[in-house]
Chemist: 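Following this message is one structure expressed as structure tokens.
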Amino acid sequence: MDLEKVTDQITKVLVTGEQIDSRVAEMAAELDSKYDGKDVLLVGVLKGAVMFMADLSRAMQIPVTMDWMAVSSYGSGTQSSGVVRILKDLDADVLGRHVLIVEDIIDSGLTLSWLISNLKARGAASVEIAALLRKPDAAKVEVDVLLVGFDIPNEFVVGYGLDYAERYRSLRGVAVLAPSVYS
Ligand code: IMP
Ligand code: MG
């Protein structure tokens with residue numbers, strides 16, 4: 001769905017679909033050279049990373065395999081607590097493999113820092129992160145990220161996989177949700 005269809009529900013467009021396309025192409029090229037000749041497993045974090053994973057993997061020119069995890073961080077309301085529960089685990093064994101976590105957004109960083117230690121503990125040869133978005137002002141823990149698409153302000157955003165109550169994931173771009181929608 002195009003962002004124009006929800007003009008009344010958003011306050012600001014942060015990243016258009018076209019901007020995502022060109023940034024994803026750049027990121028894919030960097031990953032091609034970094035992982036050339038290596039056995040790389042892309043691990044997408046459900047559900048937010050579905051769009052990014054689909055576009056990033058297709059823009060890459062080296063062979064990759066893909067797997068998925070679903071995690072939830074316990075906590076009140078919209079705040080991540082850092083206590084993470086696995087809702088769906090990987091099918092693949094990561095032992096000795098180069099893992100690239102593909103994530104929609106780094107907010108507090110708590111989910112990802114937990115995920116990195118979890119995958120390293122399983123014996124992955126390396127664990128890196130490619131995130132489409134990052135909110136630098138929301139960081140509670142520093143996460144060492146290989147690639148970030150866009151740094152954005154500390155506001156609640158939707159689109160391109162990101163939801164509010166499961167809505168807006170299919171928007172082509174990323175926008176700030178109007179407070180009237182959730183109040
Ligand atoms: P954190 O980095 O542990 O705080 O959690 C990141 C997760 O929270 C992301 O994977 C998203 O699923 C969700 N999230 C964080 N910020 C937003 C937002 O602005 N819109 C939608 N989901 C968000
Ligand atoms: Mg997510």
Side-chain angles (χ1 to χ4, degrees), residues 1 3 5-7 9-17 19-20 23-24 27 42-57 66-90 99-121 127-183:
M1 185 189 271
L3 286 168
K5 300 282 183 197
V6 293
T7 320
Q9 295 155 61
I10 60 181
T11 54
K12 193 172 185 227
V13 174
L14 293 181
V15 196
T16 64
Q19 289 171 320
I20 292 174
R23 184 70 185 115
V24 166
M27 295 169 88
L42 306 182
V43 171
V45 185
L46 294 169
K47 305 169 192 169
V50 166
M51 310 294 171
F52 183 40
M53 174 77 124
D55 288 342
L56 186 69
S57 61
M66 285 178 261
D67 204 347
W68 302 90
M69 274 182 90
V71 294
S72 91
S73 35
Y74 280 108
S76 53
T78 55
Q79 294 293 306
S80 180
S81 64
V83 181
V84 177
R85 188 163 56 112
I86 296 178
L87 303 177
K88 187 231 170 278
D89 206 348
L90 296 173
V99 174
L100 179 71
I101 301 171
V102 178
E103 179 57 306
D104 52 359
I105 188 165
I106 306 176
D107 186 12
S108 68
L110 292 168
T111 306
L112 271 181
S113 64
W114 180 89
L115 202 51
I116 293 169
S117 352
N118 182 282
L119 295 176
K120 280 186 177 160
V127 181
E128 300 281 2
I129 296 163
L132 180 75
L133 305 167
R134 177 174 59 187
K135 295 179 187 171
D137 298 338
K140 284 187 186 154
V141 286
E142 285 307 317
V143 182
D144 206 2
V145 189
L146 179 66
L147 285 173
V148 174
F150 304 91
D151 278 322
I152 61 168
N154 192 6
E155 292 181 276
F156 194 80
V157 296
V158 294
Y160 197 72
L162 291 150
D163 73 307
Y164 170 68
E166 297 299 328
R167 295 165 62 203
Y168 307 107
R169 290 194 198 274
S170 65
L171 290 175
R172 285 194 186 281
V174 174
V176 177
L177 191 63
S180 59
V181 175
Y182 49 83
S183 59

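Positions are given from 1 along the sequence. Whatever order the structure lists them in is the order used to number ligands and atoms, beginning at 1. Just so we're clear, the structure is a prediction, and the values are computed from it rather than from any experiment.
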Chemist: Which atoms of ligand 1 have any heavy atom of Thr111 under 4.0 Å away?
Modeler: 1 (P), 3 (O), 5 (O)

Chemist: Throw together a table of side-chain donor-acceptor distances under 3.5 angstrom for residues 171-183, partners on residues two or more places apart or in other chains.
Modeler:
from, atom 1, to, atom 2, distance (Å)
Arg172, NE, Asp2, OD1, 3.1
Ser183, OG, Pro179, O, 2.9

Chemist: Can you confirm, on distance only, whether ligand 1 has an N/O atom lying under 3.5 Å from any N/O atom belonging to Phe156?
Modeler: no

Chemist: Below 3.5 angstrom, do we get any N/O pair linking Val157 and ligand 1?
Modeler: yes

Chemist: Need the ligand 1 atom indices (1-based, order shown) with element for anything under 4.0 Å from a heavy-atom of Leu162.
Modeler: 21 (C), 22 (N)

Chemist: Not counting sequence neighbours, which residues clear salt bridge (Lys or Arg N to Asp or Glu O under 4.0 Å) with Asp144? List them please.
Modeler: none

Chemist: Donor-acceptor pair, distance only, cut-off 3.5 Å: does the side chain of Gln9 make one with the backbone of Val6?
Modeler: no

Chemist: Regarding Glu166 and Lys47, does a basic nitrogen lie under 4.0 Å from an acidic carboxylate oxygen?
Modeler: yes

Chemist: Judged by modelled atom types alone, do Asp104 and Tyr160 share a side-chain donor-acceptor pair under 3.5 Å?
Modeler: no

Chemist: Hey, does the side chain of Arg85 reach the backbone of Ser72 with a donor-acceptor pair shorter than 3.5 angstrom?
Modeler: no

Chemist: Check whether more than 12 heavy atoms from other residues, nucleotides or ligands sit under 6.0 Å from atom NZ of Lys88, and answer yes or no.
Modeler: yes

Chemist: List ligand 1 atoms under 4.0 Å from Asp163, heavy atoms only on the residue side.
Modeler: 21 (C)

Chemist: Out of all atoms in ligand 1, which are within 4.0 Å of some heavy atom of Glu103? Include the element for each.
Modeler: 10 (O)

Chemist: Which of the numbered atoms in ligand 1 are under 4.0 angstrom from any heavy atom belonging to Glu155?
Modeler: 19 (O)

Chemist: Run the contact test for Leu112 against ligand 1 with a 4.0 Å cut-off on heavy atoms, strictly below, and give the result.
Modeler: no

Chemist: Taking a cutoff of less than 4.0 Å between a non-hydrogen atom of the residue and any ligand atom, is Gly48 in contact with ligand 1?
Modeler: no

